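Working notes, beginning with the structure itself.
Nothing here was measured: the structure is a model prediction, and the numbers come from that model. Only this structure's heavy atoms are used, side chains among them; waters, hydrogens and symmetry mates stay out.
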Amino acid sequence: MLQHYEDRASDLINGVLEELGYERQELQLRPIPFSGSWGTSLASFPLASKIVAAEHAEEFEGLSKKELKKRQSGLVREKSLELADAIAERLNGGVIGQNGASAISRAESVNGYVNLFFDTSTVATDVLRTAIDQGADYGRGTQRADKVMVEFSQPNTHKAFHIGHTRNAALGNALANITEFAGFETIRANYWGDIGMHVIQCLWCYQSFHKDRRITRKLRGRRLGEYYTEAVQRLNYRKDVLGLLHELAEDDALFVEKIDAIVTEMYREDGVCGEDVAYLLGQIANHREIDEDKLFEPMSVPMLLKYVGPQLKEELAFVREHGPQEAPPPTSRTANVRYPPPVVTIENTTERIARWKRLNATPEWWPEVPEWQQQIKDTFQAWERKDEELVALWEETRQWSIDEFHRIYDELGIRFDVEFSESEVEEEGRQIVYDLVDRGIAEMSDGMPVVDIDKALGLEDKYRTLPLLRSDGTTLYSTKDLELTRRKFEDFDIDRSIWVIDNRQGFYLQQIFKIMELWGFDQAEKCFHLGYEFVTLPEGMMSSRHGITVLYEDAMKAMRKRALEIIEEKNPDGRLSDEKKEDIAGQVAVGSILYLMLSRDNNTQIAFDMEEALSFQGHAAPYIQYAHARACRILERAGELPDGPVEFVDLQPEEIDLIQKIAEFPEEVTQAATEYRPLVIADYVFELARLFNDFYADFDARPILNADEPARSMRLTLVAATRQTLENGLALLSVPAPTVM
RNA sequence: GCCCCCGUAGUUCAGAGGAUAGAACGCCGGCCUUCUAAGCCGGAUGUCGCAGGUUCGAAUCCUGCCGGGGGUACCA
């Protein structure tokens, strides 16, 4: 909100420039970047550079590039110092203060910069009064004409909600909060992934293996997620077992070394047929893949699997003692397998033991796999012909998931104005595809409709080709997205639509937008993809297939528990009721998970570390929430805020920095909204809290409640303005602002 | 192969072409009989991946290379 003062400073400087015989110009003013200095500054280099170029044009001609640079840079430096001196001198020599009381108190020239200092009393009064008087609206932008839709979250039903989904939800929600606060009418949209192969797999697993199990209402959503994971694991059982064995053959030198002994024992103990033993030995010893069709006995591979675990455990002990073991140099057969050269380490062996444990728990799955795969195909067929029983089951279970998601959104303080779902746009999407084919925009290729976008646009290798239906006529994600896009603009009369989706879908979304454009949908250019990188775990990529995930529910539970422990520890005196403590713990946990997701740039991957998430110190939500609670406490103790005009004199550097930060809030909101970056606000509230703690910490230098007037009123006003700004900033992130902690 | 993203302190990350590149975590040492110690103060740590270029001025913009991740027609 200092724009007004910066404009004033610009005017003053331009006036001086005119007096000095230069033209008025658009000046780039920036805050003085030093702690305790409050004002705005002008770098005189650009102007000096122009002047030097004009004055020395002749001299510069014919110089070599290097000489020119050297000469120029010296001259510009000299000129800028001179210029800054001249400007500052004239400003101080009468310009400042000419028109009665000015908000600029004095000027200074240093290193080629002209610094104009604000009259702290005038500007501080303005800033703090504005923040307090505008209250929850402090920082709000003026109402704009544009209507924006933010689509986010898009969870798949029948799957678990994990912390990766939380990043999307946190990001989209904060973005919607911010665009709304910045003045754009905002529609929050969700899009359920309620049909598709994952649903079929989940339903198959439920029907085949868990139909009679009683599930409590509370656990329904969670169980569905588990069934999906189980389905994937059952269906991929053979692939996963062979995958593990192949990996070992490929780069586990210790394992390959021992394979002879292992198969020999297996032959003796389990009586596996000799041909299979010989085959397995040959493949592994030569670092080759195992082809299940070449085996005679159905259970040979699971038999071998049994021996893998003990061997890996021995290797782990060995590696612990002797350090990582390198794989043998590649032979001609294996030369192209991988890069970098594989090594047996504690990490990969530990990871492999975990995989082995899971696989070895269910060897009886091995012979069942082909049959299951057929069942899945049948289930999909049943879905396509709208089999009544299956559809009824789908409707019921779909609701279980949606109920679960709504509970999570409620907990996180996230809401939606409209909920789309894949199932509802499927048919209309198909119609759009037919229309695209009719108009010759889509063509048939390999039995399915596709759009060769590059061909249509006369480009090469840019947008490539996107299929719009499977060759068996079933719909794809793309089929549905076409209708979804149409519906957004035509049913909701929006001017812009933002898709908050994982970066991995960036290319795909560009294809969709282009196809809409080819279809003649003008608003295609109003579609934006806001991408972000995924959340990983310390042990690598999250994968529901391998059971490597952290569920939202589990993370939340752990954080809530930890928060409660700290609250108990800090409030032993019974001042807070148990209910209140639970409430605060929830606010801390919710705030922490949201802040964690929002305090990193969209383009960086977040490695979710539970340990780190549970450390409520430093750069995390509780730090900011704590500052807010502190401010609340002070204000509560103070009773009434000073009523009349408050004098802001003798401000200390800590106070000036804090006021300056408060003043920056509206601009930060604008920036976050234009750049679609909640991170700007996340950083801002942390900085604000930090400056507040700085201000608060030194009791001797800056008492608040016990201070004499006018300092007491001044500091109380400052505390109130800080609290309000913290609250407004946190609200944009949906991070709760507890009044007591 | 082509396209996108990332590379900054031991670690996790900020960093509107501008002044002395900042936080947090971790480590060491201090501060609770006074407004909440989830806090504050002090100490150490940087070839801003490498090489060129643009510019008066580059962590920031451009080009190339190296390293990591992702994408690249019937997954979403």
Compare side-chain N and O positions of A/R633 against OP1 and OP2 of B/rU36 and report whether any pair is under 4.0 Å apart. yes
Look at the side chain of A/Y508 against the base of B/rU72 and say whether a donor-acceptor pair falls under 3.5 Å; ignore hydrogens and angles. no
Between the side-chain atoms of A/S599 and the base atoms of B/rA14, is any donor-acceptor pair under 3.5 Å? no
Rounded to the nearest Å, what distance is computed from the CZ atom of residue A/F534 to the C1' atom of nucleotide B/rC5? 10 Å
Per A/R504 side chain, nearest of listed nucleotides B/rU36, B/rG71, B/rC35: B/rG71
For B/rG69, does either OP1 or OP2 sit under 4.0 Å from a side-chain N or O belonging to A/Q605? no
Looking at B/rA76, B/rU54, B/rC35, which one has an atom nearest to any side-chain atom of A/Q505? B/rA76
Provide, to the nearest angstrom, the distance between the CG atom belonging to A/L47 and the C1' atom belonging to B/rC56. 12 Å
B/rC32: syn or anti, with syn meaning chi within 90° of zero? syn
note: A/M741, atom CE; B/rU36, atom C1'; distance rounded to Å ~ 10 Å
From the set B/rC74, B/rC40, B/rC35, return the single nucleotide nearest to any side-chain atom of A/D694. B/rC40
Quick one about A/T604 and A/R600 (side-chain donor to acceptor, distance below 3.5 Å, no hydrogens or angles considered), yes or no? no
Treat primed atoms plus P, OP1 and OP2 as sugar-phosphate and everything else as base, then score nucleotides 21-33 of chain B 5' to 3': B for base contact with protein heavy atoms under 4.0 Å, S for sugar-phosphate contact only, - for none. --SSS--------
Per atom distances to the A/R470 side chain, the nearest of B/rA19, B/rA76, B/rG1 is B/rA76
With distance as the sole criterion, do the side chain of A/T604 and the base of B/rC6 form a donor-acceptor contact below 3.5 Å? no
Please determine, for the side chain of A/Y626, which listed nucleotide (B/rG39, B/rA73, B/rG71) has the closest atom? B/rG39
It should be established whether A/R600 places a side-chain nitrogen or oxygen under 4.0 Å from OP1 or OP2 of nucleotide B/rC6. no
If we call it a pair only when both distances are under 3.5 Å in a Watson-Crick or G-U wobble match, what pairs with B/rC40? B/rG30
Taking the minimum atom-to-atom distance to the side chain of A/D700, which one of B/rA14, B/rU34, B/rA19 wins? B/rU34
Picking from B/rG1, B/rG15, B/rC74, the nucleotide nearest the side-chain atoms of A/L476 would be B/rC74
Which of these nucleotides, B/rU36, B/rG39, B/rG18, is closest to any side-chain atom of A/N693? B/rG39
